[in-house]
Amino acid sequence: MTSIVLFGPPGAGKGTQATRITQSTGLPQVSTGDMLRAAVKHGTTTGIAAKEFMDAGKLVPDSIIIDLIRDRVKQPDAVNGLMFDGFPRTIPQAEALSQITDVSHVIAIEVPDSKIVERICGRYSCSVCGAVFHDKFNPTTSQGICNECGSSELKRRADDNEATVTQRLDAYHQQTSPLAEWYDGQGIFHRIDGDREIDEITKDILLALQ
Ligand code: ADP
Ligand code: ADP
Ligand code: ZN
């Protein structure tokens with residue numbers, strides 16, 4: 001089992017790029033953020049424990065995240081590896097991952113903090129297929145209708161507001177960005193300029209994965 005990690009601050013474009021490259025890599029996309037939001041929606045024990053951290057823009061404790069991933073890798077589609085989006089976010093999470101799967105590439109999507117608030121506050125997504133859009137940078141072609149599946153159920157995340165974003169960026173700088181050095185030392189870390197057109201970024205990621 002050999003996996004790929006998409007790494008970067010909130011709003012860097014990890015989810016957007018993951019959806020575009022999953023066909024080329026053949027690896028299923030695993031977003032811990034999406035898994036946690038599903039758990040909150042269904043009122044599971046994990047969801048109840050995670051909600052207060054997510055609402056405050058803080059990282060959910062490592063033990064909860066690592067349990068989620070241990071369960072996910074047991075599923076049959078994980079046999080050749082997974083493409084992680086938003087995981088790992090701390091060194092203990094990365095250490096746990098290294099016990100579970102080899103990691104061939106860590107793709108770091110770099111976007112300056114000054115661009116992050118606008119990216120996150122303009123984000124919306126399709127409740128049916130998960131496609132991600134942006135009011136200004138990547139709007140749906142017809143207003144209120146998902147480009148991918150035609151649904152009119154478009155929604156915004158509760159934590160995509162300016163106050164929470166500031167907290168999420170702090171968590172990124174304090175707890176997540178030290179992972180860059182940790183992975184760089186292993187020779188699998190690829191930096192990609194994420195402050196460009198979505199298509200250009202996709203091309204560079206696919207090149208880095210060759
Ligand atoms: P992440 O998964 O890293 O939090 P998303 O993929 O959800 O990020 O992207 C955050 C927001 O920024 C979304 O509204 C998305 O449409 C938009 N976005 C993604 N990539 C770009 C880009 N290269 N330029 C401008 N906006 C982008
Ligand atoms: P973003 O668009 O900010 O990258 P995600 O959807 O990945 O957001 O995560 C949303 C929230 O879920 C985070 O602010 C955090 O509370 C929690 N979360 C997601 N993944 C992790 C993780 N690997 N470790 C700890 N908390 C996480
Ligand atoms: Zn859709």
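Because the structure is predicted, anything quoted here is derived from the model rather than measured.
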Given side chains that start at C-beta, do those of Asp67 and Asp71 come closer than 4.5 Å, heavy atoms only? no
Residues which pass salt bridge (Lys or Arg N to Asp or Glu O under 4.0 Å) with Glu200, listed by chain and number, not counting sequence neighbours: Arg196
Heavy-atom pair of closest approach, residues Phe87 and Phe84: O-CB, 3.3 Å
Where the side chain of His134 meets the backbone of Arg119, is there a donor-acceptor pair that is under 3.5 Å apart? yes
In one Ile/Leu/Val/Met/Phe/Trp/Tyr side-chain cluster, 4.5 Å: Leu36, Ile120: no
Less than 4.5 Å apart, any side-chain heavy atom of Val165 and any of Arg168? yes
Who are the side-chain hydrogen bond (donor to acceptor under 3.5 Å, both in side chains) partners of Asp113, not counting sequence neighbours? His173
Nearest 0.5 Å, please: how far is CG in Asp135 from SG in Cys121? 10.0 Å
Got a list of side-chain donor-acceptor pairs under 3.5 Å for residues 11-18, not counting sequence neighbours?
unit_1	atom_1	unit_2	atom_2	d
Lys14	NZ	Gly8	O	3.3
Lys14	NZ	Pro9	O	2.9
Gln17	OE1	Thr202	N	3.4
Gln17	OE1	Thr202	OG1	2.6
Gln17	NE2	Ile198	O	3.2

Taking every non-hydrogen atom, the tightest pair across Ala94 and Trp182: CB-CZ3, 3.6 Å
Between atom CD1 of Ile4 and atom CD of Gln29, what is the distance when rounded to the nearest 0.5 Å? 12.0 Å
Spell out, as yes or no, whether a donor-acceptor pair under 3.5 Å connects the side chain of Thr101 to the backbone of Met1. yes
Val132, Val30: one ILVMFWY side-chain cluster at the under-4.5 Å cut-off? no
Ser142 side chain vs Ile145 backbone, donor-acceptor pair below 3.5 Å: no
Going from CD on Gln167 to NZ on Lys58, what distance comes out if it is rounded to the nearest 0.5 angstrom? 5.5 Å
Less than 4.5 Å apart, any side-chain heavy atom of Leu206 and any of Lys203? no
Hey, are the side chains of Met35 and Ile65 touching, using non-hydrogen atoms and a 4.5 Å cut-off? no
Side chains of Tyr172 and Ser177: closer than 4.5 Å at any heavy-atom pair? yes
Looking at Arg72 and Asp77, is any side-chain nitrogen of the basic one under 4.0 Å from a carboxylate oxygen of the acidic one? yes
Rounded distance (nearest 0.5 Å) linking atom CZ of Arg37 with atom OG of Ser31: 5.5 Å
To the nearest 0.5 Å, what is the distance between CD1 on Ile66 and CD1 on Ile100? 7.5 Å
Can you name the nearest heavy-atom pair linking Ile192 to Asp204, along with the distance? CD1-O, 3.8 Å
Do Leu6 and Leu82 share a hydrophobic cluster (ILVMFWY, side-chain heavy atoms under 4.5 Å, transitive)? no
Find out if a path of hydrophobic residues (ILVMFWY) with successive side-chain heavy-atom gaps under 4.5 Å connects Val73 to Val106. yes
Which atom pair, heavy atoms only, marks the closest approach of Leu59 to Ala171? CG-CB, 4.3 Å
Answer whether the closest heavy-atom distance between the side chains of Leu209 and Ser24 falls below 4.5 Å. no
Look at the side chain of Thr22 and the backbone N and O of Thr19, then say whether any donor-acceptor pair between them is shorter than 3.5 Å. no
Using the rule that two of Ile, Leu, Val, Met, Phe, Trp, Tyr join whenever any of their side-chain heavy atoms come within less than 4.5 Å, decide whether Met83 and Val103 are in one cluster. no
Donor on one side chain, acceptor on other, Asn147 and Thr141, under 3.5 Å: yes
Backbone N or O of Asp102 within a donor-acceptor pair of the Thr2 side chain at under 3.5 Å? no
Atom of Gln143, atom of Thr140 and distance for their closest heavy-atom approach: CA-OG1, 4.0 Å
Identify the two heavy atoms, one from Ser3 and one from Gly81, that lie closest to each other, and give their separation to 0.1 Å. OG-CA, 3.6 Å
Pairing of Asp160 and Lys155 as salt bridge, 4.0 angstrom limit: no
CZ of Arg70 to CG of Leu68: how many Å apart, nearest 0.5 Å? 11.5 Å
Got Leu154 and Cys146 here, is their nearest side-chain heavy-atom distance under 4.5 Å? yes
Knowing that exactly one of Asp85, Leu179, Ile109, Ile107 qualifies, which makes a side chain to side chain contact (heavy atoms under 4.5 Å, CB included) with Phe7? Leu179
